[in-house]
Number of protein chains: 4
Amino acid sequence: MGRREENKARKRAALLQTGLAMFLDQGVASASVEQIAAGAGMARGTFYLYFDGKDALFEAVIGQFFDPLMAMFDDVEAQLDAAKTPEACLQVYQIMAARIVMLGMTWRDVVLLVFQEMRGQSVPGLRTRERALIERITSLTQLAMDRGLVRKGDARLASLVILGAIERLYYEVLVGDLTLKEPGELATEATVVLSRILGLDLEMPRIPVG
Amino acid sequence: MGRREENKARKRAALLQTGLAMFLDQGVASASVEQIAAGAGMARGTFYLYFDGKDALFEAVIGQFFDPLMAMFDDVEAQLDAAKTPEACLQVYQIMAARIVMLGMTWRDVVLLVFQEMRGQSVPGLRTRERALIERITSLTQLAMDRGLVRKGDARLASLVILGAIERLYYEVLVGDLTLKEPGELATEATVVLSRILGLDLEMPRIPVG
Amino acid sequence: MGRREENKARKRAALLQTGLAMFLDQGVASASVEQIAAGAGMARGTFYLYFDGKDALFEAVIGQFFDPLMAMFDDVEAQLDAAKTPEACLQVYQIMAARIVMLGMTWRDVVLLVFQEMRGQSVPGLRTRERALIERITSLTQLAMDRGLVRKGDARLASLVILGAIERLYYEVLVGDLTLKEPGELATEATVVLSRILGLDLEMPRIPVG
Amino acid sequence: MGRREENKARKRAALLQTGLAMFLDQGVASASVEQIAAGAGMARGTFYLYFDGKDALFEAVIGQFFDPLMAMFDDVEAQLDAAKTPEACLQVYQIMAARIVMLGMTWRDVVLLVFQEMRGQSVPGLRTRERALIERITSLTQLAMDRGLVRKGDARLASLVILGAIERLYYEVLVGDLTLKEPGELATEATVVLSRILGLDLEMPRIPVG
DNA sequence: CATGAATGAGGTTTCATTCAT
DNA sequence: AATGAATGAAACCTCATTCAT
């Protein structure tokens, strides 16, 4: 990468970082392009050389987390299709859990930002992404039910319950109001909730995270 | 109530109602005082005779739900203190659940608004209220654990899991993406989650709601 | 008119006047709302209580001249329809000329502004108005030709020639590069052009203007 | 011309052409250097290697028409001074008309651009050029009057009338609202106007144009 | 020669809030 | 009690021009 590209990439990264910080701090609605640009060490106009506007920056910021997440789901879907036995299926499931937790840890603040803005009106696109997420989780649950891996029931309801529970736990952790003993404990807790709700009584070996 | 007070109360109510609608529709940040006042059939300036500003209106709007909710918790706390047997304890618990669901149904849109703005930065007071709510739920769970009503464990974690699960279910219902067969089914589902998470195996008679 | 309405009317008038001056001075494109508002003795925001934006102000400004002008043409059309003899027809024609000149004198600067912006791209609506004007003039000329009042020929061409000639004369007068002996001389010159182009050899009594 | 100069000239020409197109399309004020440079296949910065700025480009664009026009007038002036008989004078006059029409046809879009911007405030230099043009035409008319070629009168007024008439005709043709049967008809019409206004009754042979 | 990143002034518009009527 | 005119801060975005590479 030449000197120019390098510099450009650095500035773009600075904007993503400062934008994230400002969005988190004051909400997307009241964070201003001016502030963000200044925080990233550049003039207002320069901002527009890198992003089309505040919304585009926001999209890029959360894309850092959402894009790999969705890519991962594509991956999982393919693996599940290929899985022949319940054990293979379960393994896919577990690895997925571990990958989600790792992504969530890597993009801690982005996830927090997503929590912050998810139900607001500032960024309507988020609800769409959320819905897509729910659909994918539900279809995975349905698959697990169909293959007899878990207690049968309403896959949608169960998925929502699990999602809500983990969401809330994660949120409290991120906000600092819930302190777990070690980074991987969240995955463990998630697994517990999962097994309780889905009536999973298989022995589930713990997956090391981080 | 005299003619004057009556009129005043009517206008205040109109503002609360219009404010709620606008806040829901566009978010607190972008709803304008102008719109709200006009929607309530009065001029911009008049608005300020009833509320100190947009934030004050928002506080009043969500207070309609939160104040009775908190009052109810005061009530529950007192009753729990007075309960001598596990059965009495359970009964308090169940009545509480029913009252919460009824409150939530009565103030449907307010609750939706709270969901919308809860994690945003627009109204910082909300996080405080949320925290208070969590503390109360946790202490109730702790009490139930102490009295041997439910499986022992981390009361905080369990409470968060339950709260998160119910929250998410309720949210999907409110948003229209989850349709339940009858109004009371949410309470039933909540009970199921509760029993699964807390290992409650007592027979729980269904409580009629609404 | 109450004190309030009076004040409001005064401010609106001030904006029209200042707007006209600024538009003339720097062109519509580079005149700023800020300047105009300041020039009219009010804050930027106040401007928007009176007009929807710069374009709306411009429309209002030129409407002061164009609206009466078009109304006058409606009038003339009606009168021409009612005219039974060539002499009556001619009289209508002459009175029209006098009224146009008077309007032009009354709204001197507005007309100058119209000249300024007419062929530019800033205000596309102007070309439409201009076209309407041309059509009306053409149909009047056609009528005069049909009734044998003037030498027959291409009414459109003749009208354009006359319009262009008078336009240019008027423009030079307004800009200050052409000084006529007395206010009414423009009307006289216009009449001369008219008679030359249209081959009018009737005796045309001079119409006093102003 | 060396390879370098050739390339340079080609780029300059590209800028002139693209600039003309953009200026016509959106007006000088809102055409951006960015667009023009991009349209001419080069970067923003490169533009400034060829022109001092947007205004300089505009000057150069209209200079393409105005410079030959003025040079032609120098020419005409010299020829008129040398003309000894009225017939020679008239011939000069006619050739001039033909040359003007040809220039106008060659630089069609430039002339249209001049019409567009002439009375605006964007480019103050235009009014100066226009004034110079008027002075020259006037002095030619004066000369023709002095030599008894045309009916005597106010040379300035007559010149303006003729200029205005032709201007308007040409404008309507360029804008597409007036369609003439053949390219040269505009010259014929101009001649008619001229003869009517100046009382020219000499036989004027038609000059082939284009 | 050519580039395009950077700047920052400048423009339009919205809105919470105050205050004279 | 009610009004709505007035304010001015603040936000977004564009663009001519400069300058290091």
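Protein chains get the first letters and strands the later ones, always in sequence-line order, with residue 1 at the start of each. Values below: all heavy atoms of this structure, side chains included; hydrogens, waters and symmetry mates excluded.
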Let me have the donor-acceptor pairs involving side chains of residues 54-62 of chain A, under 3.5 Å, with sequence neighbours excluded, atom names and distances please.
| unit_1 | atom_1 | unit_2 | atom_2 | d |
| --- | --- | --- | --- | --- |
| Lys54(A) | NZ | Val28(A) | O | 3.0 |
| Lys54(A) | NZ | Ala29(A) | O | 3.2 |
| Lys54(A) | NZ | Ala31(A) | O | 3.0 |
| Glu59(A) | OE1 | Arg129(A) | NH2 | 2.7 |

Note to self: If I take atom CD1 in residue Ile36(C) and atom C1' in nucleotide dG10(E), what distance separates them, rounded to the nearest angstrom?
What the structure shows: 15 Å
Note to self: How many whole angstroms separate atom CZ of Arg12(B) from atom P of dA1(F)?
What the structure shows: 15 Å
Next item on the list: Check whether NZ of the Lys or CZ of the Arg Lys11(A) lies under 6.0 Å from the centre of the six-membered ring of Tyr50(A) and within 45 degrees of that ring's axis.
Entry: no
Next item on the list: Name the nucleic acid region contacted by Phe51(D), choosing base, sugar-phosphate or nothing; use a 4.0 angstrom heavy-atom cut-off, strictly under.
Entry: nothing
Margin query: Tell me whether the count of non-hydrogen atoms from other residues, nucleotides or ligands lying under 6.0 Å of CD in Glu130(A) goes above 12.
Written below: yes
Margin query: Using the side-chain heavy atoms of Leu49(C), tell me which of these nucleotides is nearest: dA5(F), dA2(E), dA2(F).
Written below: dA5(F)
Notebook entry, point to check: Atom CD of Gln35(D) to atom P of dC15(F): distance rounded to whole Å?
Noted result: 7 Å
Margin query: Go nucleotide by nucleotide along DNA chain E from the 5' end; which of Ala43(A) and Met42(D) gets its closest nucleotide reached first?
Written below: Met42(D)
Item checked: Counterpart residues, salt bridge (Lys or Arg N to Asp or Glu O under 4.0 Å), relative to Arg12(C) (two or more places apart) -> none
Margin query: Other residues, nucleotides and ligands only: do more than 12 of their heavy atoms fall within 6.0 Å of CG on Asp52(A)?
Written below: no
Next item on the list: Report yes if a side-chain nitrogen or oxygen of Lys11(C) is closer than 4.0 Å to either non-bridging phosphate oxygen (OP1 or OP2) of dA5(F); otherwise report no.
Entry: no
Check: With sequence neighbours left out, which residue pairs that include part of residues 14-33 of chain C fulfil the salt bridge (Lys or Arg N to Asp or Glu O under 4.0 Å) condition?
Finding: none
Margin query: For DNA chain F, report each stem as range with range, ordered by first number, or say none. Use Watson-Crick or G-U wobble pairs under 3.5 Å, at least 3 in a row.
Written below: E:2-21 with F:2-21
Check: Within this structure, what is the CG-to-P distance between Leu15(B) and dA1(F), rounded to whole angstrom?
Finding: 15 Å
Item checked: Which atom of Leu16(C) lies closest to which atom of Gln64(C), heavy atoms considered -> CD1-NE2, 3.8 Å
Notebook entry, point to check: To the nearest angstrom, how far is Tyr50(D) atom OH from dT3(E) atom P?
Noted result: 9 Å
Check: Among Phe65(D), Phe23(D), Tyr171(D), Trp107(D), whose ring pair (Phe, Tyr, Trp, His ring centres under 6.0 Å) with Phe115(D) holds?
Finding: Tyr171(D)
Would you tabulate the nitrogen or oxygen pairs shorter than 3.5 Å linking the protein to nucleotides 12-15 of chain E?
| unit_1 | atom_1 | unit_2 | atom_2 | d |
| --- | --- | --- | --- | --- |
| dT12(E) | OP1 | Lys54(C) | NZ | 3.4 |
| dT12(E) | OP2 | Val33(C) | N | 3.0 |
| dT13(E) | OP2 | Tyr48(C) | OH | 2.9 |

Next item on the list: Only pairs at least two apart or in different chains count here, so list each salt bridge (Lys or Arg N to Asp or Glu O under 4.0 Å) that has a residue in residues 30-40 of chain C.
Entry: Glu34(C)-Arg44(C)
Note to self: In this structure, how many angstroms lie between the P atom of dA10(F) and the CD atom of Gln26(A), rounded?
What the structure shows: 13 Å
